[in-house]
Amino acid sequence: MDFSTEFVAFRDRMIAGQDKTFVTEMNVQVAGRAAAAVSCFGLDGERKLLGLVPLGSKSHAHEYRLLFAAPELDGQSLQEWWQYAEAVERELVKPDRSHEFSLVSVILVTGKLDTAVPKKLRKLAAGRDFTNIGQGWSAVRMAVVDLPAHKIYTNRMGDSMKNIIKPIL
């Protein structure tokens, strides 16, 4: 398997297969690292009580998906990527009184995966609660795509990423 060729093909399928409301840029610097693709989605709307009664204020929510090549991934490099993911969440998510939620998803595509990584990944969790400044929350999701094995591993918050990535794999 030629990892570079397979990674580029995966990136292209991911971009083509995602919801068209996402805006994608390729080869973007985010918090000091070059992402192969960064896809963003934002939703702005009127806040409603029980989804029905307008409250006269606005709200917004965001999702960020960052795709990286990690040709080899072991426990130490996973920890470094996780620290990076937490830093990216702090950089991208700027809450305010109208903030509902933000998801920051870091997707690592690998050609060689250490057997300890899936278990370590499952235990990772991060996010923030913004009720002290109004409302809302953020969460960090991480998915590791093992290209040769055609498997997807995620942290607990990232379980829904499996449904997004599986058709692409």
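Summarising the geometry of Ala143 relative to Thr154, their closest heavy-atom pair is CB-CG2, 3.9 Å, with the distance given to 0.1 Å. Residues Gly111 and Phe3 approach most closely at N-CE1, 3.3 Å, considering heavy atoms. Closest non-hydrogen pair, Lys20 versus Ala16, comes out as NZ-O, 3.0 Å. Scanning both residues, Gly75 and Lys120, for their nearest heavy atoms gives CA-NZ, 3.9 Å.
Side-chain atoms of Leu103 and Arg65, non-hydrogen and from C-beta on, never get closer than 4.5 Å to each other. Within the 4.5 Å cutoff, the side chain of Val104 has no heavy atoms near those of the His62 side chain. The side-chain heavy atoms of Leu66 and Tyr84, taken from C-beta on, include a pair separated by under 4.5 Å. The closest side-chain heavy-atom distance from Phe41 to Asp19 is not below 4.5 Å. Residues Leu73 and Asp114 fail the side-chain proximity criterion, which asks for heavy atoms closer than 4.5 Å. The shortest distance between side-chain heavy atoms of Asp2 and Phe7 does not fall below 4.5 Å. At a threshold of 4.5 Å between non-hydrogen side-chain atoms, the residues Ile107 and Met14 count as touching. Within the 4.5 Å cutoff, the side chain of Phe68 has heavy atoms near those of the Val106 side chain.
In terms of modelled atom types and a separation under 3.5 Å, the side chain of Lys119 and the main chain of Thr115 share no donor-acceptor contact. Although no hydrogens or angles enter the test, the distance criterion places a donor-acceptor pair under 3.5 Å between the side chain of Asn155 and the main chain of Val140.
Atom-to-atom distance recorded for Met142:CE and Glu86:CD is 9.0 Å, nearest 0.5 angstrom. With rounding to the nearest 0.5 Å, the separation of CZ in Arg13 from CD1 in Ile168 is 8.0 Å. Note: Leu124 CG to Gln83 CD = 10.0 Å, rounded to the nearest 0.5 Å. For the atom pair CZ of Arg90 and OG of Ser138, the computed distance is 10.5 Å after rounding to the nearest 0.5 Å.
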Between Asp159 and Arg122, is the side-chain contact (heavy atoms from CB on, under 4.5 Å) condition met? List the steps. CA-CA 10 Å; Asp159 276 346; Arg122 196 77 184 145; 2.6 Å; yes
Run Val144 and Val109 through side-chain contact (heavy atoms from CB on, under 4.5 Å) and show every step you take. CA-CA 6 Å; Val144 172; Val109 179; over 6 Å; no
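Judged purely by distance below 3.5 Å, without hydrogens or angles, the side chains of Asp74 and Ser77 pair a donor atom with an acceptor atom. Of the N and O atoms on the side chains of Asp146 and Thr110, not one donor lies less than 3.5 Å from an acceptor on the other residue.
Counting non-hydrogen atoms of neighbouring residues, nucleotides and ligands closer than 6.0 angstrom, the NZ atom of Lys166 reaches no more than 12 such neighbours.
When the side chain to side chain donor-acceptor pair (under 3.5 Å) test is applied to Ser105, the partners found at least two apart in sequence or on another chain are Arg141. Applying the side chain to side chain donor-acceptor pair (under 3.5 Å) test to Trp81 and every residue at least two apart in sequence or in another chain returns nothing.
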For residues 22-35, tabulate all N or O donor-acceptor pairs below 3.5 Å that involve a side-chain atom, not counting sequence neighbours.
unit_1, atom_1, unit_2, atom_2, d
Thr24, OG1, Gln18, NE2, 2.6
Thr24, OG1, Ser39, OG, 2.7

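Cluster annotation: Leu108 is not connected to Ile15 through the hydrophobic network of ILVMFWY side chains, with a link wherever side-chain heavy atoms come within less than 4.5 Å.
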